[in-house]
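Protein chains get the first letters and strands the later ones, always in sequence-line order, with residue 1 at the start of each. This one's a predicted model, so the numbers in the text were calculated from it and none came from an experiment.
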Number of protein chains: 2
Amino acid sequence: MENEGKGLHGRVLEALGPEITAGDHPPGTVLRTDELAQRFDVSRTVIREAIRVLESMQLVASRRRVGVTVRPTEEWNVYDPRVIGWRLTGRDRPRQLRSLTVLRSAVEPVAAGLAARHATPTQCAELTEHAMGMVATSRGQQLDAYLVHDVAFHRVILAASGNEMFARLADVVAAVLTGRTHHHVMFTDPDPAAVTLHVQVAEAVRTGDAGAAERLTREITAGAMAELDVLAP
Amino acid sequence: MENEGKGLHGRVLEALGPEITAGDHPPGTVLRTDELAQRFDVSRTVIREAIRVLESMQLVASRRRVGVTVRPTEEWNVYDPRVIGWRLTGRDRPRQLRSLTVLRSAVEPVAAGLAARHATPTQCAELTEHAMGMVATSRGQQLDAYLVHDVAFHRVILAASGNEMFARLADVVAAVLTGRTHHHVMFTDPDPAAVTLHVQVAEAVRTGDAGAAERLTREITAGAMAELDVLAP
DNA sequence: CCGGGCAATTAAGTATGACGTTTACATCAC
DNA sequence: GTGATGTAAACGTCATACTTAATTGCCCGG
């Protein structure tokens with residue numbers, strides 16, 4: 001078992017974070033450090049360090065004489081990987097997946113266009129490799145193997161864009177792809193059209209055709225959006 | 001003077017964060033909590049809380065027996081508003097501005113398209129209002145007033161998209177626009193074409209023409225990218 | 001009855017010192 | 001040279017006392 005959260009404060013964080021993002025403590029709720037210390041059977045010091053982190057995520061605000069108040073949802077740092085993770089395992093997972101897919105549909109095409117200009121030969125090779133891997137695993141219940149290549153493919157695209165902000169979204173995209181596979185149609189093979197598009201994107205990047213890379217990737221993400229509408233909340 | 005950083009740990013954070021993001025402590029550098037406590041003349045408790053926050057930003061990693069090590073740049077949480085702010089005031093401000101502008105050029109057109117579908121009448125009114133404000137202040141050294149409308153305009157667009165991830169980028173866009181105005185051409189009036197485009201975007205959103213809104217916004221961001229190339233690092 | 005100011009109370013913030021725990025590193029035996 | 005072992009250095013945790021600031025409510029004057 002992955003014992004995430006290295007120290008005690010980490011464990012407190014991994015307990016409180018999901019509770020807050022799931023809405024167990026609605027915005028406006030006040031938490032007292034003493035009570036938390038009692039509840040988790042740790043010292044106030046540990047609680048305070050966990051609170052500092054939650055505060056840096058804008059999940060809570062700590063004020064003297066009143067306590068630690070849960071902040072309204074709109075103020076949360078929704079780009080923090082841990083917040084994203086917690087929300088993906090929580091109640092409004094559908095909403096979160098939708099948000100992230102929309103973000104993805106905005107970012108990835110532009111990233112692919114940039115990748116067509118900036119990708120190194122190595123990255124181009126990796127792209128075609130993973131596209132081929134997707135082709136090879138696209139039939140016959142090999143969804144897990146397919147997913148690995150799919151994730152890797154998009155990770156290379158984002159990295160090859162040369163934009164650090166894009167590159168840092170790789171984990172988000174991975175989460176979306178993984179979530180889709182594991183929640184959606186575990187028994188249906190991937191859409192052949194999507195597989196073809198990935199191959200074409202790899203080719204467009206390799207030949208430096210930014211326009212084609214962007215357009216093709218837009219088709220991929222549009223497909224993902226359409227898929228999402230099928231099981232809309 | 002804005003004494004940001006409410007407690008002692010906040011002040012330590014506001015001192016250490018910029019130092020790290022500016023590269024004063026290159027990746028791999030080790031900081032010791034004791035030394036920091038001495039340097040800032042505060043207790044180790046305070047230092048530890050600041051470190052926890054830096055750790056949650058992935059700026060540093062704290063390991064036993066070795067100390068607090070600065071992590072490589074690629075692992076930083078570059079979406080954390082404070083990290084963005086620090087980097088914008090630091091050495092590689094140009095790089096950062098560039099990254100953010102690219103991100104903007106990916107996100108805003110899609111957001112505008114969504115806004116055309118989801119914007120409330122109130123938001124439509126605000127859009128036209130600010131577009132008009134931009135027109136009114138686009139001539140004769142009123143750059144500050146113009147900037148206010150510009151920022152507000154884009155903030156409404158991102159909020160009206162209905163996507164929380166987009167909405168949370170409003171501050172980033174504001175920072176880019178502000179930075180551009182204050183560093184670029186303080187004495188040149190805004191590009192008339194850009195002003196017109198904003199008016200047209202407001203109109204497209206009002207009439208629900210998603211395609212036009214997206215296309216026009218893409219022109220705006222393309223203009224911003226082009227501007228950036230003029231004073232490229 | 002209302003309003004302003006003063007004081008009490010409360011919960012977070014800080015300081016300190018002690019101890020626990022992990023682990024890099026050097027030393028020693030084989 | 002390799003592996004086991006020991007040691008010390010740094011972070012991690014705890015308990016406690018004290019400080020600070022803000023809320024609350026009381027009290028008094030208008």
Side-chain angles (χ1 to χ4, degrees), chain A residues 1-17 19-20 25-72 75 82, chain B residues 1-17 19-20 24-72 75-76 82:
Chain A
M1 186 73 81
E2 277 289 332
N3 190 357
E4 205 72 41
K6 277 318 186 186
L8 287 190
H9 61 269
R11 236 168 296 169
V12 171
L13 192 63
E14 293 299 322
L16 276 183
E19 284 180 16
I20 294 174
H25 310 289
T29 309
V30 295
L31 308 169
R32 257 84 51 109
T33 54
D34 286 323
E35 290 181 7
L36 292 173
Q38 257 194 320
R39 173 181 159 196
F40 290 104
D41 194 39
V42 295
S43 72
R44 214 161 57 101
T45 312
V46 170
I47 296 295
R48 285 180 52 73
E49 290 181 13
I51 293 295
R52 280 287 96 74
V53 176
L54 292 173
E55 195 176 30
S56 105
M57 297 169 173
Q58 307 281 316
L59 293 187
V60 303
S62 142
R63 278 159 51 207
R64 274 182 162 140
R65 163 63 202 217
V66 58
V68 177
T69 30
V70 178
R71 305 187 70 169
E75 299 177 3
R82 263 166 309 184
Chain B
M1 183 77 80
E2 277 290 330
N3 189 357
E4 206 72 39
K6 274 317 183 184
L8 287 189
H9 61 269
R11 236 168 297 169
V12 171
L13 191 65
E14 292 298 322
L16 276 183
E19 284 180 15
I20 295 174
D24 290 349
H25 311 289
T29 310
V30 295
L31 309 169
R32 258 86 49 111
T33 53
D34 291 326
E35 290 181 7
L36 293 173
Q38 256 194 321
R39 174 182 158 196
F40 290 103
D41 193 40
V42 295
S43 72
R44 213 162 58 100
T45 312
V46 169
I47 296 295
R48 285 179 51 72
E49 291 181 11
I51 293 294
R52 279 288 96 75
V53 176
L54 293 173
E55 197 176 31
S56 106
M57 296 170 173
Q58 306 282 316
L59 293 187
V60 303
S62 153
R63 278 159 49 208
R64 278 184 160 137
R65 163 63 183 167
V66 59
V68 177
T69 47
V70 178
R71 307 188 69 168
E75 300 176 3
W76 294 354
R82 260 166 310 185

Checklist entry - Is any side-chain heavy atom of V42(A) less than 4.5 Å from a side-chain heavy atom of R11(A)? => result no
Checklist entry - Out of curiosity, T45(A) OG1 to R48(B) CZ, how far, rounded to the nearest 0.5 Å? => result 8.5 Å
Checklist entry - Atom CD of Q38(B) and atom CD1 of I47(B): how far apart are they, to the nearest 0.5 Å? => result 10.5 Å
Checklist outcome for this item: R48(B) CZ to dT16(C) P, in whole Å, measures 16 Å
Next on the checklist: With each end axis built from five pairs of C1' atoms, what bend angle do you get for the helix from dC1(C)-dG30(D) to dC30(C)-dG1(D)? Round to 10°.
Outcome noted: 10°
Tell me every residue that passes side-chain hydrogen bond (donor to acceptor under 3.5 Å, both in side chains) with [X], counting only those two or more places apart in sequence or in another chain.
X      : answer
R39(B) : E19(B)
S56(A) : S56(B)
D34(B) : none

Side-chain atoms of residues 58-66 of chain B: list all donor-acceptor pairs with protein atoms under 3.5 Å, sequence neighbours left out, distances to 0.1 Å.
from, atom 1, to, atom 2, distance (Å)
Q58(B), OE1, R71(B), NH1, 2.5

Checklist entry - Among V53(B), V68(B), L36(B), whose side chain to side chain contact (heavy atoms under 4.5 Å, CB included) with L16(B) holds? => result L36(B)
Checklist entry - Among residues 31-47 of chain A, which contact DNA chain C at a heavy-atom distance under 4.0 Å? => result L31(A), R32(A), T33(A), R44(A)
Item to check | Residues that R32(B) engages under side chain to side chain contact (heavy atoms under 4.5 Å, CB included), provided they are two or more places apart | outcome: E35(B)
Checklist entry - Where does the chain B footprint on DNA chain D start and end, counting 5' to 3' with a 4.0 Å heavy-atom cut-off? => result dA9(D) to dT13(D)
Checklist entry - What pairs with R52(B) under salt bridge (Lys or Arg N to Asp or Glu O under 4.0 Å), at least two apart in sequence or on another chain? => result E49(A), E55(B)
Checklist entry - Going by heavy atoms closer than 4.0 Å, what residues in residues 49-71 of chain A are next to DNA chain D? => result R63(A), R64(A), R65(A)
